Amino acid sequence: MPELPEVETIVRGLKPLVEGRLIESVEIVAGLVVKSPIDAVEGQIIRATRRLGKNVLFECTRGILSIHLGMTGKLLADGALTPYTRVIFHLNGATLLYDDIRQFGRLHYAPELPQHLALIGPDPLRLEASDFLARLKRKKGRIKPLLLNQHFLAGLGNIYVDEALFRAGIHPNTLVSAISKPRAARLHTAIQETLHEAIHHGGSSISDYVDAAGRKGSFQERHRVYDREGAPCIHCGTPIRRIVIGQRGTHFCPKCQKG
DNA sequence: ACTAATGTTGTAGG
DNA sequence: GCCTACAACATTAG
């Protein structure tokens, strides 16, 4: 569910509500999502809250609590408990809930940034065009699975890859080696513009996503291809097509996005 | 009943 | 080592 813009929106909402607070206790309702002894954060203060790719990081007094929301994870400040509440963080003066229907999310605690997070790729919003081009040049295969790979760039998911490729006029099946330099530069711009606009609109709420206050985003109303199979392309009117690439549903305009 | 869903990871094969 | 396909994880919605 939550890609970079959704996680960014959650972190921005959470920041003023949790930073500086003491984690008094942690209640693990369902242990499936908990991957390391996170109750070690009890008694620690949340010094900073930030996003790393699609992960939410809570930098505490003596270590880092990292949360990946999987497909249906939610972090809710002072929300109501549901049948899907998996972890409850009791803070001094606030409650933070981790809700997750499918339980694909993961919570970790460690004194240092865990290896699986230290190895992810750069943030697409902080990546210069020249660096993006240099990284692309070293890769083989098709562009869509590459953009979904968190070791290449950290934060893009299925929605924003389809949207960015549409804006750049690139067919999702295109071999990376066949993308010209100007076209790759256009892709870099398209990725950043799409992410910035999505953050501005509070992310995309397709089915589950809500921010830390429980509010939906509105960027789904501005999707140009994602979840628009059969609907007319905003540029040429051609029906948007849906195919499968790399085992993921892929949406594109067959006229505006040629190989 | 069947399929697909905003994600990641381990395994196997080319 | 790199890339791809597939299954698995658990649950809901159409």
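All chains are named by letter (A, B, ...) in the order of the sequence lines, taking the proteins before the strands, and each is independently numbered beginning at 1. Source: prediction; values computed, not measured.
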Subject >> D227(A) CG - dA5(B) C1' separation (whole Å) >> reply: 10 Å
Subject >> Contact state string [nucleotides 9-14 of chain B, B base, S sugar-phosphate only, - no protein heavy atom under 4.0 Å] >> reply: ------
Original post:
So does H116(A) have more than 12 non-hydrogen atoms from other groups sitting under 6.0 Å from NE2?
Top reply: yes
Subject >> Rounded interatomic separation in angstrom, taking CD1 from I159(A) and P from dA4(B) >> reply: 18 Å
Original post:
Under 3.5 Å, side chain of H188(A) to main-chain N/O of L127(A), donor-acceptor pair present?
Top reply: yes
Original post:
Atom CG of D100(A) to atom P of dG7(B): distance rounded to whole Å?
Top reply: 13 Å
Original post:
Within less than 4.0 Å of OP1 or OP2 of dT8(B), is there a side-chain N or O belonging to H68(A)?
Top reply: yes
Subject >> Counterpart residues, salt bridge (Lys or Arg N to Asp or Glu O under 4.0 Å), relative to D211(A) (two or more places apart) >> reply: R215(A)
**OP:** Report yes or no: do Q220(A) and Y209(A) form a side-chain donor-acceptor pair below 3.5 Å?
**Re:** no
**OP:** Look at the side chain of Q44(A) and the backbone N and O of R62(A), then say whether any donor-acceptor pair between them is shorter than 3.5 Å.
**Re:** yes
Original post:
Taking CZ from R86(A) and P from dT11(C), how many angstroms apart are they, rounded to a whole number?
Top reply: 6 Å
**OP:** For Y84(A), report the nucleic acid contact type (base, sugar-phosphate, nothing); a contact means any heavy atom under 4.0 Å.
**Re:** sugar-phosphate
Subject >> Donor-acceptor contact present, side-chain R12(A) to main-chain L14(A), <3.5 Å >> reply: no
Original post:
Whole Å only: how far is the CG atom of L156(A) from the C1' atom of dG7(B)?
Top reply: 13 Å
Original post:
Who passes salt bridge (Lys or Arg N to Asp or Glu O under 4.0 Å) against E19(A), sequence neighbours left out?
Top reply: K15(A)
**OP:** Treat each ILVMFWY residue as a node, draw an edge where side-chain heavy atoms are under 4.5 Å apart, and state whether L69(A) and L117(A) are in one component.
**Re:** no
Subject >> Donor-acceptor pair, side chain of E3(A) and main chain of K54(A), under 3.5 angstrom >> reply: no
**OP:** Round to the nearest Å and state the distance from R138(A) atom CZ to dG1(C) atom P.
**Re:** 16 Å
Subject >> Where at least one partner belongs to residues 145-168 of chain A, residue pairs that pass side-chain hydrogen bond (donor to acceptor under 3.5 Å, both in side chains), sequence neighbours excluded >> reply: E6(A)-Y160(A), K144(A)-N158(A), K144(A)-D162(A), Y160(A)-S204(A), D162(A)-H251(A), R167(A)-T194(A), R167(A)-E197(A)
**OP:** Could I get the full list of side chain to side chain contact (heavy atoms under 4.5 Å, CB included) partners for T189(A), not counting sequence neighbours?
**Re:** E193(A)
Subject >> Backbone of R224(A) reached by a side-chain donor or acceptor of R228(A) within 3.5 Å >> reply: yes
Subject >> Whole-Å gap separating P (dG7(B)) and CG (N149(A)) >> reply: 13 Å
**OP:** For DNA chain C, find the residues of residues 101-112 of chain A with a heavy-atom distance under 4.0 Å and give them by number; none if there aren't any.
**Re:** I101(A), R102(A), Q103(A), F104(A)
Subject >> With S205(A) via side chain to side chain donor-acceptor pair (under 3.5 Å) - residues at least two apart >> reply: none
**OP:** Would you please name every residue forming a side chain to side chain donor-acceptor pair (under 3.5 Å) with D227(A), sequence neighbours left out?
**Re:** none
**OP:** Under the salt bridge (Lys or Arg N to Asp or Glu O under 4.0 Å) rule, collect the residues that match up with R142(A), sequence neighbours excluded.
**Re:** none
Subject >> Which nucleotides of DNA chain B pair, in dot-bracket form (Watson-Crick or G-U under 3.5 Å, | meaning another strand) >> reply: .||||.||||||||
**OP:** Mind listing the residues from residues 240-248 of chain A sitting with a heavy atom below 4.0 Å of DNA chain C? Number order is fine.
**Re:** G246(A), Q247(A)
**OP:** Would you check if the side chain of R135(A) reaches a backbone N or O of F152(A) as a donor-acceptor pair within less than 3.5 Å?
**Re:** yes
Subject >> Separation of atom CD1 in I120(A) from atom P in dG7(B), rounded to whole Å >> reply: 14 Å
Subject >> Proximity to DNA chain C (any heavy atom under 4.0 Å), residues of residues 139-148 of chain A only >> reply: K139(A), K140(A), G141(A), R142(A)
